[in-house]
2 protein chains.
Amino acid sequence: MTRPNLDAFLTQCQQITGPAGVLSAEADMASYLRDWTGQYQGSAIAVLRPRSTDEVAQLVRLCVEAGIAVVPQGGRTGLAGGGVPLDGRSVVLSLERMNAIRTVDTDARTMTLEAGVILETAQNAALEQGLVFPLTFGAKGSCTIGGALATNAGGSNVVRYGTTRELCVGIEAVMPDGSVISALHGLRKDNTGYDLRHLLIGAEGTLGIITAAVFKLAPAPKVRVAGFLALEDLAHAPSLLNRMQDRTGGAVEAFEYMPKPMIAAIQRAFPDVRAPLDTLPETGIFFEVASSRDADAAEAEGGGSRLEEDVLGLLEALMEEGALPDAMIAQTEQQRLDLWHLRESALEGVMHNGPAYFTDISLPLNKIAPFVAEMDQAVAEMGFATLTVGHLGDGNLHYTLSAAEGQDWESLPLAKAKALIFDRLQAAGGSFSAEHGIGQSKLDLMRQLKTPAQLEAMRAVKRALDPENLMNPAKLIPMDQS
Amino acid sequence: MTRPNLDAFLTQCQQITGPAGVLSAEADMASYLRDWTGQYQGSAIAVLRPRSTDEVAQLVRLCVEAGIAVVPQGGRTGLAGGGVPLDGRSVVLSLERMNAIRTVDTDARTMTLEAGVILETAQNAALEQGLVFPLTFGAKGSCTIGGALATNAGGSNVVRYGTTRELCVGIEAVMPDGSVISALHGLRKDNTGYDLRHLLIGAEGTLGIITAAVFKLAPAPKVRVAGFLALEDLAHAPSLLNRMQDRTGGAVEAFEYMPKPMIAAIQRAFPDVRAPLDTLPETGIFFEVASSRDADAAEAEGGGSRLEEDVLGLLEALMEEGALPDAMIAQTEQQRLDLWHLRESALEGVMHNGPAYFTDISLPLNKIAPFVAEMDQAVAEMGFATLTVGHLGDGNLHYTLSAAEGQDWESLPLAKAKALIFDRLQAAGGSFSAEHGIGQSKLDLMRQLKTPAQLEAMRAVKRALDPENLMNPAKLIPMDQS
């Protein structure tokens, strides 16, 4: 684009957004052009900051006319580079100024949020009404609702409440032609043609820009019981989870795999973090159950809550069966928060540990134990150690390779280990991307592991809705046939 | 198609399916060419009955080559004509011989079913393992899993377990080009590109043919509590539902609106059906809660279950507040089944009552009461009576017009009443099609009530995946621009 054309384009953008809505100086744009991990860095013509859905639509039409690509952006907390522009030929469209909580409806138990609302802000607004905005994960203080929708984000309590997709009951979006899809209805049932909501959620902005959405809210728990379990065998985990669900009426909010090396790594990074059990178990599980029922919060004979009594009964039965060598239940709120702190320190524990290769895989629940056993042994023989943490209740593992003691990371056969992991994962019917998104980081895996039929259907949809390939191009779907 | 060409085509089909897989004699085809209501009747070149996904794929490729449209068909229990062929230029592709239960996995709590499995068969197979296949509705004895997926069917316990879409965690489908999408993984989290599963579910066979799917199973309840409530005001229903959910930990399995005229119509059709309360309430609610918890099934002080005690406590509080003039809780299993029988007789009650206009609408929960109040009065002034039954917990009403006493149906202003209903529904953010599908019956409403942006996005997807418009043409999406 020539300088006069560029200036004219930026002037037109400013006419739409007002002067504060267009950033084009290098210093102003810098923070919008890289992600928090520092792994992805790009450049852009400008950063556009619309204040309304109508402004987004006008900007998209303007960009389409000028043939300029649009990279929608939320809180830049992604791990896959989806919101970072690739080169200087696109604009970043940040939703940060569309951050209104449009409505909270306590009867229908829904909340309508603009894309730029920070997750924690939404959580707090729901709590003020005695309700829970269920989605939660480490980046809650800076990630946005729009980013969560774009990546169909998961987190620690998907086992109870579902992924972002499953919480969303209405959407508003600007399509690649600048038209607006307005379906902020909050309906539990609506079968009127193809489900455009589900097409746009998880599409990482490649089919349009989600500007607002309606979410289901849940009742706030009146009682929570958290604990840490030492399992005899990871293969027992699915049955333990099922029994915990049955016993509590589906109240399991977290069921997280934390094996010994992971906890040890966290303790090396944060020496003040307390070990949950005196002897760290090879197969540790952090769990929490929570209930909105008065009856569950009521005091039981033993002095704890009835919910705690129910959980204790299960743990005692498991111990008698020999499936549970050790277990603890948090006796104070501080102990409960300590367990959460341990869990939420996992990513930093891995980062502190040294060079690593992260994954974000998922498997059918009954195939996790054999997969982990086979892989742990195979990669150990190659000189790797593993630092795994996982949302076990959803079959989602962040299976991570690091260098075994005394090994030099750079000399380890990472390509060979990756090939083995994804080969076995594929054979077990697993997914190479469970909750973090594809972005720029996993296009190679999309090419390798999705079938031609799947890729061709996705490409056809992309070409149909975004024929000029201007919406977040070169993300999510590899458009080349190779 | 000329006779010799036709014969050659049918011979090729037979080579794929075996002789029993192709029906072309009029008498053999008859039952496949009409729906159970008798409202829809079509004709077809032949009825194809493949036995495997590979046979479906081969047949689709053969039809595409010959330019013959394909109408996928399940149990023909739909209410919208989606599975009935329109004219003699297409083939019916019945999935009835693909009726294997491929796997039941009790650890992962999933079940893999072929499209032709009858819903009740799936329910029974799950029950044998102590689990529940949650989807259920009146047609369960003859509808198929494939039909339920094609229409994203709902039913009576969506409030607890979600719609078909929400229960499905994996899919296998033959696309319009004859390629096969095979994703029967059963994963709780899988973000690898556009969600083709959600695109195919509810697409009524217009984007491909679902041949198998994986479903989530739920634990079998150990205790159920059903009852019937007389509400002071329908506007109290959302808050009552919320309180019942909170009190039972989300255990509400049915929350059904059954006003007085509806029950009266059922009693006229089935004089032996017992009234749930001595005085029929204007605003009746049938509910059931169920729990898998031992603690809920345990005997409480009053002699009933603890779950029943919890519900009783809520009903007493509501009575004290004056919100609940009357209520009953089933004291025996027979009483509970009687309540279900009453609910499941609603459709026949309406049919027995005389000519009627059915709807399948949904509204945000907090907009139902004002909508019903306004409509009941407005249509009464036009000479209509209303016979409404609804899955109130999902905001889904089957709001039905019949002739008021002494009125002649044929002389009533039905077009005017419909226009008013859909106008007000639209204004309230409601949907004109909640769970029965669009099929042939609601194409006019799709044209009228979806926005140009929505229709154009749907048409683009349809054209992209089915460029020859051979998959169940002229259903679901109005492809013409008018």
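Proteins come first, then strands; the chains are lettered A, B, ... in the order of their sequence lines, and each starts at number 1.
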Between B/Gly193, B/Ala464, B/Gly249, who has the most heavy-atom pairs with chain A when the cutoff is under 4.5 Å? B/Gly193
Between B/Asp195, B/Leu365, B/Ile438, B/Val169, who has the most heavy-atom pairs with chain A when the cutoff is under 4.5 Å? B/Asp195
Can you label the angle between the A/His198 ring and the B/His198 ring as parallel, tilted or perpendicular, going by 30° and 60°? parallel
Would A/Arg197 and A/Asp190 count as a salt bridge (charged side-chain N to carboxylate O under 4.0 Å, His left out) if you check the C-alpha gap in whole Å, the side-chain angles of each, and the deciding distance to 0.1 Å? CA-CA 11 Å; A/Arg197 169 186 47 139; A/Asp190 175 34; over 6 Å; no
What part of B/Asp360 gets within 4.5 angstrom of chain A, counting heavy atoms only: side chain, backbone, both, or neither? neither
Taking the six-membered ring for Trp, are B/His398 and B/His436 parallel (under 30°), tilted (30 to 60°) or perpendicular (over 60°)? parallel
Cut-off 4.5 Å, heavy atoms of chain B, and the answer for A/Ala457 is both
Under 4.5 Å from any heavy atom of chain B, what part of A/Asp177 do you find: side chain, backbone, both or neither? neither
Side chain, backbone, both or neither: which part of A/Thr163 has a heavy atom under 4.5 Å from chain B? side chain
Test salt bridge (charged side-chain N to carboxylate O under 4.0 Å, His left out) on A/Lys367 and B/Asp107 and set out the steps. CA-CA 10 Å; A/Lys367 293 190 176 157; B/Asp107 256 6; over 6 Å; no
Salt-bridged, B/Asp246 to A/Arg109, with N to O below 4.0 Å? yes
Using the side chain to side chain contact (heavy atoms under 4.5 Å, CB included) rule, take A/Lys189 and B/Val158 through it: C-alpha gap first, then chi angles, then the decisive distance, then the call. CA-CA 9 Å; A/Lys189 287 180 176 172; B/Val158 169; 3.7 Å; yes
Among B/Leu207, B/Val159, B/Leu445, B/Leu199, single out the residue with the greatest number of heavy-atom pairs under 4.5 Å to chain A. B/Leu207
Non-hydrogen atoms of chain B under 4.5 Å away: do they reach the side chain of A/Val180, the backbone, both or neither? backbone
Give, as side chain, backbone, both or neither, the part of B/Ala203 having an atom under 4.5 angstrom from any heavy atom of chain A. both
Would you sort out whether A/Val104 and A/Leu217 count as a side chain to side chain contact (heavy atoms under 4.5 Å, CB included), showing the intermediate values? CA-CA 9 Å; A/Val104 184; A/Leu217 301 176; 4.1 Å; yes
Chain A contact via B/Asn152 - side chain, backbone, both or neither, heavy atoms under 4.5 Å: both
When you check the side-chain N and O atoms of A/Glu172 and A/Thr53, is any donor under 3.5 Å from an acceptor? yes
Can you tell which part of B/Asp105 gets under 4.5 Å to a heavy atom of chain A, answering side chain, backbone, both or neither? side chain
Contact part of A/Thr206 toward chain B, heavy-atom cut-off under 4.5 Å: side chain, backbone, both or neither? both
Measure distances from A/Asp310 to the heavy atoms of chain B and classify the residue's part below 4.5 Å as side chain, backbone, both or neither. side chain
Whatever's closer than 4.5 Å to a heavy atom in chain B on A/Asn396 counts as side chain
Can A/Ser431 and B/Thr192 be counted as having a side-chain donor-acceptor contact under 3.5 angstrom? no
For A/Met175, is it the side chain, the backbone, both, or neither that has a heavy atom closer than 4.5 Å to a heavy atom of chain B? side chain
So, the part of B/Met446 with a heavy atom under 4.5 Å from chain A: the answer is side chain
Passes side chain to side chain contact (heavy atoms under 4.5 Å, CB included), B/Leu392 versus B/Leu234? Steps please. CA-CA 10 Å; B/Leu392 196 56; B/Leu234 183 56; 4.0 Å; yes
Does any backbone or side-chain atom of A/Lys462 lie under 4.5 Å from a heavy atom of chain B? Answer side chain, backbone, both or neither. both
